[in-house]
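Accompanying notes for the structure given below.
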Amino acid sequence: MSDAPAVTPTPNWGEVFPWFREVMAEDDAWYVGRVDTKTDVGTARLAEAAVTRLKSLPVGRLFPAVRRVERLDDLGWPKHRLLNALHRGGCFTGDDLSYMVIAEMLSWESVGPIIVKQILEVVALEEIRVSSAK
């Protein structure tokens, strides 16, 4: 018996985000790669797909790990403006955000697709973090 810790393989994009496979073209199969590669590009593509193709869905359906976030302030927001938009939209906890429909976020005052996309990129990173910790 070995004392070495068990190595958990890094999940691929399709395992962490099973819905993503359904909205991407077959010829765009980069999502079979591991989430530890192309993370910035991957989260940007996920967020773009959600904003353009899945507007009628709540954030928590696409990114279920967000429900576990007690305070959205605790996530690593690259711009304070993103957190301000969430607060103005009534989202202070991950649970608040999980029930928010993307189309509703797009209707918030002074918030457009770019802001929503940036918010969802942060949420996608949290989903990756939780999935990689399993």
Side-chain angles (χ1 to χ4, degrees):
M1 183 145 62
S2 173
D3 289 336
V7 177
T8 305
T10 306
N12 68 40
W13 289 95
E15 291 168 338
V16 179
F17 306 100
W19 57 268
F20 192 55
R21 194 176 320 196
E22 297 172 18
V23 298
M24 295 306 292
E26 284 297 318
D27 60 339
D28 190 18
W30 66 271
Y31 55 80
V32 298
R34 301 283 172 212
V35 294
D36 58 353
T37 60
K38 303 179 190 168
T39 302
D40 292 341
V41 172
T43 56
R45 291 177 103 170
L46 285 162
E48 180 71 25
V51 170
T52 59
R53 301 177 193 181
L54 303 169
K55 294 177 193 172
S56 63
L57 296 178
V59 173
R61 182 152 176 219
L62 302 173
F63 308 100
V66 75
R67 289 184 186 103
R68 299 179 184 174
V69 178
E70 289 186 30
R71 293 175 24 141
L72 290 175
D73 299 40
D74 295 338
L75 295 179
W77 298 99
K79 299 176 185 172
H80 195 67
R81 176 181 178 170
L82 304 177
L83 190 56
N84 286 341
L86 286 167
H87 288 174
R88 283 193 313 271
C91 296
F92 298 92
T93 67
D95 202 45
D96 296 338
L97 181 56
S98 74
Y99 291 105
M100 189 61 61
V101 173
I102 294 169
E104 187 175 344
M105 294 173 70
L106 290 166
S107 72
W108 291 344
E109 186 177 338
S110 301
V111 172
I114 292 172
I115 296 295
V116 174
K117 181 179 168 284
Q118 291 172 340
I119 289 169
L120 295 179
E121 287 175 24
V122 172
V123 174
L125 285 172
E126 178 64 11
E127 192 75 33
I128 291 168
R129 187 192 68 74
V130 168
S131 291
S132 296
K134 290 181 182 175

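Treat the numbers as computed from the prediction; the structure is a model and nothing was measured.
- Environment of CZ in Arg67: crowded, with over 12 heavy atoms of neighbouring residues, nucleotides or ligands closer than 6.0 Å.
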The test is side chain to side chain contact (heavy atoms under 4.5 Å, CB included); show your working for Ile119 and Trp77 and say whether it passes.
CA-CA 8 Å; Ile119 289 169; Trp77 298 99; 4.2 Å; yes

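- The shortest heavy-atom contact between Thr52 and Lys55 is O-CE, 4.1 Å.
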Show your reasoning for whether side chain to side chain contact (heavy atoms under 4.5 Å, CB included) applies to Met105 and Val59.
CA-CA 10 Å; Met105 294 173 70; Val59 173; 3.7 Å; yes

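- Proximity of Trp19 to Leu46: side-chain heavy atoms (C-beta onward) are separated by under 4.5 Å at one or more points.
- Hydrophobic clustering of Ile, Leu, Val, Met, Phe, Trp and Tyr side chains at less than 4.5 Å, counting indirect connections, unites Leu106 with Leu83.
- Among all heavy-atom pairs drawn from Gly60 and Val66, the shortest one is CA-CG1, 4.2 Å.
- When all heavy atoms are compared, the tightest approach of Ala85 to Ile115 is CB-CG2, 4.2 Å.
- Taking CD1 of Ile114 as the reference point, atom CG of Leu82 lies at 11.5 Å (rounded to 0.5 Å).
- Side-chain contact between Leu62 and Ile102: present, with at least one pair of heavy atoms (C-beta onward) separated by less than 4.5 Å.
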Report the C-alpha separation of Phe17 and Glu127 in whole Å, then their side-chain angles, then the decisive distance to 0.1 Å, and conclude whether the side chain to side chain contact (heavy atoms under 4.5 Å, CB included) test is met.
CA-CA 9 Å; Phe17 306 100; Glu127 192 75 33; 3.5 Å; yes

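- Other residues, nucleotides and ligands place no more than 12 heavy atoms under 6.0 Å from the CZ atom of Arg81.
- Taking hydrophobic clusters as Ile, Leu, Val, Met, Phe, Trp and Tyr residues chained together by side-chain heavy-atom distances below 4.5 Å, Leu57 shares a cluster with Val116.
- Shown here for Thr43 and Glu121, the closest heavy-atom pair between the two residues is O-CG, 3.6 Å.
- Using the six-membered ring where Trp is involved, Phe92 and His87 have ring planes that are parallel, under 30° apart on the 30 and 60° scheme.
- A side-chain contact (heavy atoms from CB on, under 4.5 Å) with Glu126 holds for exactly one of Ile128, Val130, Val122; it is Val130.
- In terms of heavy-atom proximity, Ala44 sits nearest to Lys117 at O-CE, 3.6 Å.
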Under the criterion side chain to side chain contact (heavy atoms under 4.5 Å, CB included), I'd like the reasoning laid out for Leu86 against Trp108: C-alpha separation, chi angles, the key distance, then a yes or no.
CA-CA 9 Å; Leu86 286 167; Trp108 291 344; 4.0 Å; yes

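- When all heavy atoms of Pro58 and Ser98 are compared, the pair lying nearest together is CB-O, 3.5 Å.
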